Amino acid sequence: MTAPARARFSGGKQWGSVGMGTVVAPNAVAAVSEARQWDRLMALARIGAFAGADGSPGVNRPCLTPLDREARRLLIGWGQAIGLAASVDPLGNLFLRREGTERGLAPVLAGSHMDSQPAGGRFDGIWGVVAALEAVQALHEAGQRTRRPIEIVAWTNEEGGRFAPGCMGSMAYAGFKPAGSWDAVTDGDGIRFGDALREHLRLEADLPRRPLGVVEGPAPHAYVEAHIEQGPVLEREGLDIGIVTGIQGSRWFLVELTGESAHAGTAPVSLRRDAVQDMVRAITALNALMEDPTDVLRFTVARIEVAPNSSNSVAETVRFTIDFRHPDKAVLLQRGDAIDATIRAAVRNCDVTVTERFHALPVEFAPEVTEAVARAAAAQGLGARRMPSGAFHDAQFMVPLCPTGMIFVPSRRGISHNPAEYSSPEQLARGARVLAQVLWELASG
């Protein structure tokens with residue numbers, strides 16, 4: 001916290017005004033503990049810990065695994081110690097509730113996710129959950145009650161690292177997809193998502209079951225998600241807080257090419273149905289389709305599976321993924337819709353199957369939340385800027401339900417989905433203080 005900001009929090013007031021219309025809840029902001037938040041993050045980082053290639057401390061905590069449950073139970077214990085009530089919905093989304101002073105009002109939600117990428121870092125997603133707990137605990141310790149309840153939420157399977165696509169929990173909560181849409185999706189070991197979810201809920205039988213979001217219950221009053229930036233902008237500009245204005249759209253595809261295996265030394269090239277060669281043709285054509293001189297478009301082929309995967313056999317089948325993103329809806333739709341035809345026109349010898357696995361249009365966040373974040377950053381004397389999110393988050397699916405927004409903090413060199421991912425204790429504490437003020441404002445209104 002800067003010296004000017006500390007001065008504003010002195011004097012024992014419950015609230016005050018600073019500058020042009022900024023509002024600050026000094027006791028709650030001052031009660032945010034940098035050390036406590038960091039200690040909790042490091043405790044959770046030990047669950048699924050591994051060392052990256054350069055020795056960086058990474059995390060591999062797939063959703064709906066014993067490691068995921070261990071992390072959730074640790075969070076539940078911290079919440080229950082300050083009187084928060086835990087519950088779980090049919091998708092395994094976990095909630096910790098602090099009651100408001102007026103019964104029946106819609107809650108303000110804050111959180112993120114607890115699962116990681118297979119070779120992930122210690123901060124992606126999980127900090128948003130820990131920051132929400134820290135903000136609520138700060139309100140509790142400052143004795144500041146809010147009219148509305150505040151619920152900390154840990155969404156199920158945001159990453160999509162074990163079961164694709166990601167954001168299953170928030171999509172089901174929002175009614176974006178029916179709850180059973182992904183039951184048949186399997187992980188690398190052939191385990192079905194539906195079976196893993198049922199086992200998880202069986203082991204969480206001690207928690208009260210709640211309705212599934214807006215599908216079976218009312219909409220929340222607002223949703224706020226804190227996250228590391230996963231980009232270099234804030235660090236490069238020496239800023240403390242990103243006021244996130246929206247999220248670009250994303251479309252994910254799975255492409256399957258089926259040819260015929262043959263002996264690499266005897267089969268004439270002209271007669272082969274080589275799936276790898278057709279994959280190369282397809283990706284070359286896709287690169288041309290996705291060419292963008294402005295460098296705004298994001299097109300990625302990141303996962304490739306080849307069978308029989310033998311060094312002296314012609315490939316019979318290839319499966320590869322496409323991750324396509326753009327902030328402009330028209331571009332996202334036009335070029336995304338052209339992917340299937342582009343691949344079929346490029347492939348010479350193989351059968352083609354293209355499956356779209358995820359489709360989310362660009363969203364803009366509500367002024368009610370973005371302005372609350374801006375006010376909190378200004379009141380605390382923090383450097384901030386407005387910026388979009390290139391990565392998708394659970395917040396994307398909350399936009400149709402309620403005023404939604406996000407808070408970014410700097411991440412070193414913009415590295416994420418990597419053991420080298422890092423944000424400092426001070427940076428994370430600043431974000432938690434802004435979140436505490438935003439939650440106080442939204443839940444008091």
Side-chain angles (χ1 to χ4, degrees), residues 37 39-50 57-82 84-97 109-134 136-137 151-173 179-180 182-213 225 394:
Q37 177 176 241
D39 288 346
R40 285 173 172 171
L41 275 169
M42 294 305 100
L44 288 162
R46 289 191 286 272
I47 302 173
F50 76 99
V59 174
N60 180 9
R61 190 169 52 239
C63 77
L64 302 180
T65 61
L67 292 173
D68 189 15
R69 284 190 293 278
E70 183 181 349
R72 289 171 181 238
R73 299 310 298 197
L74 188 56
L75 177 73
I76 290 168
W78 289 331
Q80 289 177 336
I82 58 170
L84 306 185
S87 62
V88 65
D89 73 12
L91 257 289
N93 297 317
L94 173 65
F95 299 84
L96 297 170
R97 182 181 178 97
L109 269 59
S112 189
H113 61 94
M114 303 183 76
D115 62 317
S116 77
Q117 285 288 322
R122 297 173 291 170
F123 306 96
D124 178 3
I126 191 66
W127 173 63
V129 178
V130 173
L133 176 61
E134 183 59 41
V136 169
Q137 185 156 356
E151 291 188 334
I152 301 161
V153 57
W155 303 107
T156 297
N157 190 38
E158 191 271 355
E159 289 290 4
R162 182 185 181 193
F163 299 105
C167 293
M168 288 181 183
S170 54
M171 283 196 283
Y173 178 97
W182 311 282
D183 283 355
V185 172
T186 58
D187 66 7
D189 296 321
I191 298 172
R192 299 169 73 250
F193 174 78
D195 294 336
L197 177 60
R198 277 187 288 274
E199 175 65 6
H200 175 82
L201 292 174
R202 183 186 70 81
L203 294 172
E204 297 292 308
D206 62 312
L207 297 179
R209 184 71 63 87
R210 62 187 281 147
L212 179 60
E225 184 168 342
D394 293 299

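Model, not experiment: these values are computed from the prediction.
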Under the 3.5 angstrom rule, does the side chain of [X] hit a backbone N or O of [Y] as a donor-acceptor pair?
X      : Y      : answer
Asp68  : Ser116 : no
Asp115 : Pro62  : no
Thr156 : Asn93  : yes

Side chains of [X] and [Y], heavy atoms from C-beta outward: is any pair under 4.5 Å?
X      : Y      : result
Val88  : Arg209 : yes
Glu70  : Arg46  : no
Trp78  : Gln137 : no
Asp195 : Arg198 : yes
Phe95  : Asp89  : yes
Ile82  : Leu133 : yes
Arg122 : Pro57  : yes
Met171 : Pro165 : yes

Nearest heavy atoms of [X] and [Y], plus distance in Å:
X      : Y      : value
Pro211 : Pro90  : C-CD, 4.2 Å
Gly128 : Ser112 : CA-CB, 3.9 Å
Pro208 : Ala86  : CD-O, 3.2 Å
Val59  : Ala45  : CG2-O, 3.6 Å
Ala110 : Ala132 : O-CB, 3.6 Å
Ala43  : Leu74  : CB-CD2, 4.2 Å

Could you list the residues that satisfy side chain to side chain contact (heavy atoms under 4.5 Å, CB included) with [X], not counting sequence neighbours?
X      : answer
Ala196 : Leu64, Arg162, Phe163, Ile191
Gln117 : Glu159, His417
Ala71  : Leu44, Ile47, Arg61, Met114

Reported [atom1]-to-[atom2] distance for the pair [X] and [Y], which is rounded to 0.5 angstrom:
X      : Y      : atom1 : atom2 : value
Thr186 : Phe193 : OG1   : CZ    : 12.5 Å
Glu151 : Ser87  : CD    : OG    : 6.5 Å
Leu67  : Arg72  : CG    : CZ    : 12.5 Å
Asp189 : Asp187 : CG    : CG    : 5.0 Å
Arg73  : Leu94  : CZ    : CG    : 8.5 Å
Gln37  : Glu134 : CD    : CD    : 5.5 Å

When you check the gap from the basic side-chain N to the acidic O, do Glu199 and Arg202 get nearer than 4.0 Å?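 Salt bridge flag = yes for Arg202 with Glu199.
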Go through the steps to decide whether Ile76 and Leu207 satisfy the test side-chain contact (heavy atoms from CB on, under 4.5 Å), and finish with yes or no. CA-CA 10 Å; Ile76 290 168; Leu207 297 179; 3.7 Å; yes
Under the side-chain contact (heavy atoms from CB on, under 4.5 Å) criterion, do Asp394 and Val153 qualify, and how do the steps go? CA-CA 11 Å; Asp394 293 299; Val153 57; over 6 Å; no
